[in-house]
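Okay, structure first, notes after.
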Amino acid sequence: MIRSLIHRTVLTLAICAGPVAVAQEVALSSAYLVEPGSPYPVFDGEKRYFAFGDALIAVKNRGALWYLQRFDVNGLQETASREYDDMPKDMTFEGVRRMGDHLFLFYSTWVKDRELEQLHVREIDVATATFVDRGRMVVEVKGKLSGDLVQKAGIYRYAVQNKYAFTPSLDRKYLGISWSMKLDKKEAEPAKTALQSWPMVVFDQTMTEVWKGEVTMPWPDENVSVIDDMVDAQGRLHVLASVFNTENGRQIADTGRFLFTYDHLTNDWSRVPAPYDVRSQGTNLIEGGDGLFRVVGYYGTEGDPSVKGIFVGIIRPGEGLVDLKEHAIPDEILSMYSTPKELRKQTRKEENGEEVGLNDVELVGSYHDDDGSMLLIGEERYTTTQCFTDSKGRTRCTDRYHADDLVLSRLDPNGELRWTRRLAKREISGAPIGGAYEVLVTDGSIHVLHYGFGDNLDIRPEEPPTMKGGRFLVVDRIDNASG
C-alpha cells in the first residue's frame, strides 16, 4: 500500500477547506501527477460531477440559477458552459441520474389547485453541456407524498424533498421510481395491517416508460421489513426482505429472509430463501453480470454490536441459495490503530472466550464488477456528546459526529475473501457527516481519497491515529488483486 500526498496545489485547497493547523513540510509523492488546468469562472453553489469517457460534466445550482459545464479531462480545460434561469419557480430538486450514455435532472412540482404531485425530467446533452428540452412530466400523483422537509431560500419557506426513491439497474439500462403517500394518524394505523404495497414506474435509459403498476406484497406492512431492493438487467423488481410473525402489532418471531421477484405482467410474486441471521448488521443486494444475485453484509453476535465478519450468500434466480460463506475479520485488522485501552479490552474478551469485533463500523458502500466480484467499504461512524458548564452553573451539550477508519474488503465472484485492509482516518464535525471519502477503481488499483493529518501519514499499525500535524488531501493506493 502506498500512501502519498497528491500535489501541493491540492494540499493548499485541502487546508483551506476547514479550520486546521499550519501544515508541516512533507515530501510529496511522485506516484501521482496532478496538473492544474486552465482557469475558468467559478460558480458558487451545490455541485455534482459525472464522468463520460474523456469528458466531465458538472451540474451546479444556486437558488433559481442552474449552471452546466463540460470539461476535457485530457486537455484540463472547460470546453462548454451554459447558465439557465428557466426552471419552474417552485420546483424542488430531486436529483441527477446517469442512465447509459444519458444524463437526466429530476425535479418535482406541486399543483396546488388540483392537488397533484408531479415529477419532471430534463435531459442534459453531455456533448454540449446544455439542456435538451424544457423538461417533461414522467409521474403524476393525486395527493401529497411523504419525504424530507427542507428549508428553502427565504424566511419560513420549506419544501418536501426526496419524495421519490430511484432504483437503477446495475448496467443503468433501467430505472425504477417509487413513492409513498403521506398519511395522517387515522390513515397510518390501518395501513399497518393492510398488505404492503407501493406504486412503481420503470423506465429505460431514455426515460421511456417500460411498465408501471401498484406493487403489492403478500404480507401486511407490519409483517415485512424491506432491507434492500433493485431493478435487474431485464427491468424486473427484486426485493430483499425479512418476514415476521406478529401479535398485537408486535414482532414476536422471525419467519425468515427471502429474495422476492415481482412479475409485472401477472402481478405475482415468487420467492426464494436468502441468507438470514439475527447477527447481520448491514446488508446489500447486488446483481452480478453472471446472472446471479449476491446478498452481502456484516455479521456480529447477539447483544454485541461490533462487527465480527462478512457474510456472502449467492442466489440463483428461481433456484434459491446456492452458496453461503462467512469470513471473520482478520486479527491484525482488529488490533490495528488501537489505543492501549482498546487493546486491553480486546485481550480481556479473548481471555473470556468472547469474539472480538470492530466497534462502530457501518457498511457504507460497495462496488461490484460484471463478473460478480465485490469491494465492500466499512467506515467507523459514531457520535459523542461534549458538555460544558460555565461559571454560573449553566450546562450546554453539543454532539460531535465522527467518521474514522475505513475498512475495505475484496471478495471474488465465488464469495471468497481475497484481502481486507484498514486505513487510518480521523474526521469530526459538529453536523452529521456525509461522504468522508471517495473511491476510484482502475484496472489494477483502488485509490481511496480522504482528508488526513500529517502525523498519520507514516503511521504504524500499533499506533493510534491523531488529529495533529496539519491537514492534507491523501490518497491510499491499494493493489486490486493482492491488497
Side-chain angles (χ1 to χ4, degrees), residues 40-41 43-53 55-71 78-114 116-142 144-145 147-148 150 152-154 157-169 171-179 199-212 231 235:
Y40 59 88
F43 182 91
D44 291 327
E46 296 186 33
K47 305 173 183 180
R48 305 155 193 90
Y49 297 91
F50 302 86
F52 288 84
L56 188 68
I57 304 299
V59 182
K60 307 177 181 180
N61 78 287
R62 182 180 66 247
L65 291 179
W66 289 83
Y67 198 66
L68 306 180
Q69 290 173 290
R70 188 181 194 276
F71 299 93
E78 180 190 68
T79 59
S81 64
R82 180 76 178 270
E83 185 176 295
Y84 291 87
D85 60 359
D86 60 349
M87 287 290 196
K89 181 180 178 181
D90 293 321
M91 59 85 77
T92 301
F93 175 67
E94 297 289 348
V96 180
R97 295 277 172 176
R98 176 178 178 174
M99 295 298 299
D101 294 327
H102 301 268
L103 189 63
F104 299 99
L105 184 148
F106 293 88
Y107 63 92
S108 60
T109 57
W110 167 248
V111 184
K112 185 176 182 180
D113 58 342
R114 298 165 58 197
L116 293 174
E117 288 274 12
Q118 297 177 337
L119 178 66
H120 305 260
V121 62
R122 196 168 183 182
E123 185 173 0
I124 298 169
D125 187 331
V126 298
T128 60
T130 58
F131 282 121
V132 174
D133 50 32
R134 295 293 298 270
R136 56 190 173 93
M137 184 177 67
V138 291
V139 173
E140 184 174 68
V141 184
K142 180 72 173 179
K144 285 187 173 292
L145 305 183
D148 301 323
V150 296
K152 301 188 75 173
R157 293 192 69 227
Y158 295 88
V160 178
Q161 197 175 33
N162 302 325
K163 298 186 287 288
Y164 300 89
F166 296 88
T167 308
S169 62
D171 55 8
R172 295 196 181 111
K173 288 184 178 179
Y174 294 98
L175 176 66
I177 301 178
S178 58
W179 59 91
M200 175 169 254
V201 186
V202 174
F203 299 89
D204 66 14
Q205 59 187 331
T206 65
M207 283 306 295
T208 300
E209 184 180 301
V210 177
W211 65 266
K212 67 178 178 181
V231 174

Item to complete: Kindly indicate, with the supporting measurements, whether the criterion side-chain contact (heavy atoms from CB on, under 4.5 Å) is fulfilled by Val96 and Leu103.
Response: CA-CA 7 Å; Val96 180; Leu103 189 63; 3.7 Å; yes

Set of side chain to side chain contact (heavy atoms under 4.5 Å, CB included) partners for [X], sequence neighbours left out:
{"X": "Lys142", "answer": "Glu115, Leu116"}
{"X": "Thr128", "answer": "Asp125, Thr130"}
{"X": "Lys60", "answer": "Tyr40, Phe43, Lys47, Tyr49, Ala58, Tyr67, Gln69"}
{"X": "Thr109", "answer": "Pro88, Met91, Tyr107, Gln118, His120"}

From [X] atom [atom1] to [Y] atom [atom2], the distance as rounded to the nearest 0.5 Å:
{"X": "Asp44", "Y": "Asn61", "atom1": "CG", "atom2": "CG", "result": "12.0 Å"}
{"X": "Tyr174", "Y": "Asp204", "atom1": "OH", "atom2": "CG", "result": "7.0 Å"}
{"X": "Phe104", "Y": "Ile124", "atom1": "CZ", "atom2": "CD1", "result": "9.5 Å"}
{"X": "Leu68", "Y": "Glu83", "atom1": "CG", "atom2": "CD", "result": "10.0 Å"}
{"X": "Met87", "Y": "Phe93", "atom1": "CE", "atom2": "CZ", "result": "8.5 Å"}
{"X": "Asn162", "Y": "Leu145", "atom1": "CG", "atom2": "CG", "result": "12.0 Å"}

Listing, residues 131-139 side-chain donor-acceptor contacts under 3.5 Å, not counting sequence neighbours, or none:
residue, atom, partner, partner atom, Å
Asp133, OD1, Gly135, N, 3.0
Arg134, NE, Asp86, OD2, 3.3
Arg136, NH1, Met207, O, 3.3
Arg136, NH2, Thr206, O, 3.1
Arg136, NH2, Met207, O, 3.2

What are the two closest heavy atoms between [X] and [Y], and how far apart are they?
{"X": "Val126", "Y": "Ile57", "answer": "O-CD1, 3.4 Å"}
{"X": "Gln205", "Y": "Gly100", "answer": "OE1-CA, 3.3 Å"}
{"X": "Trp179", "Y": "Ile177", "answer": "CZ3-O, 3.6 Å"}
{"X": "Glu94", "Y": "Ser108", "answer": "OE2-OG, 2.9 Å"}
{"X": "Arg82", "Y": "Ala129", "answer": "CB-O, 3.7 Å"}

Discussion item. Which residues pass the ring pair (Phe, Tyr, Trp, His ring centres under 6.0 Å) test with Phe52, not counting sequence neighbours?
Written reply: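 Phe52 satisfies ring pair (Phe, Tyr, Trp, His ring centres under 6.0 Å) with no residue once adjacent residues are dropped.
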
Worksheet item: Looking at Phe50, does the NZ or CZ of Arg97 lie under 6.0 angstrom from its six-membered ring centre and within 45 degrees of the ring axis?
Response: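 No, Arg97 and Phe50 do not form such a contact.
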
Worksheet entry | Validation row: Leu175, Phe106 side chains within 4.5 angstrom (heavy atoms) |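 Yes, their side chains come closer than 4.5 Å.
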
Worksheet entry | Ser169: partners by side-chain hydrogen bond (donor to acceptor under 3.5 Å, both in side chains), with sequence neighbours left out |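 Result, side-chain hydrogen bond (donor to acceptor under 3.5 Å, both in side chains) vs Ser169: Asp171.
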
Practice prompt. Give a yes or no answer on whether the side chain of Trp211 reaches the backbone of Gly235 with a donor-acceptor pair at less than 3.5 Å.
Written response: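 Side chain of Trp211 to backbone of Gly235, a donor-acceptor pair under 3.5 Å: yes, one is there.
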
Discussion item. Determine whether a donor-acceptor pair (N or O, by modelled atom type, separation under 3.5 Å) exists between the side chain of Glu117 and the backbone of Lys144.
Written reply: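 A pair under 3.5 Å: no.
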
Fill in: Sidechain N-carboxylate O distance under 4.0 Å for Glu78, Arg70
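Salt bridge absent between Glu78 and Arg70.
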
Item to complete: Go through the structure and list residues passing salt bridge (Lys or Arg N to Asp or Glu O under 4.0 Å) with Arg62, not counting sequence neighbours.
Response: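 Arg62 satisfies salt bridge (Lys or Arg N to Asp or Glu O under 4.0 Å) with no other residue.
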
Practice prompt. Verify side-chain contact (heavy atoms from CB on, under 4.5 Å) between Met200 and Lys212, making sure each step is shown before the conclusion.
Written response: CA-CA 6 Å; Met200 175 169 254; Lys212 67 178 178 181; over 6 Å; no

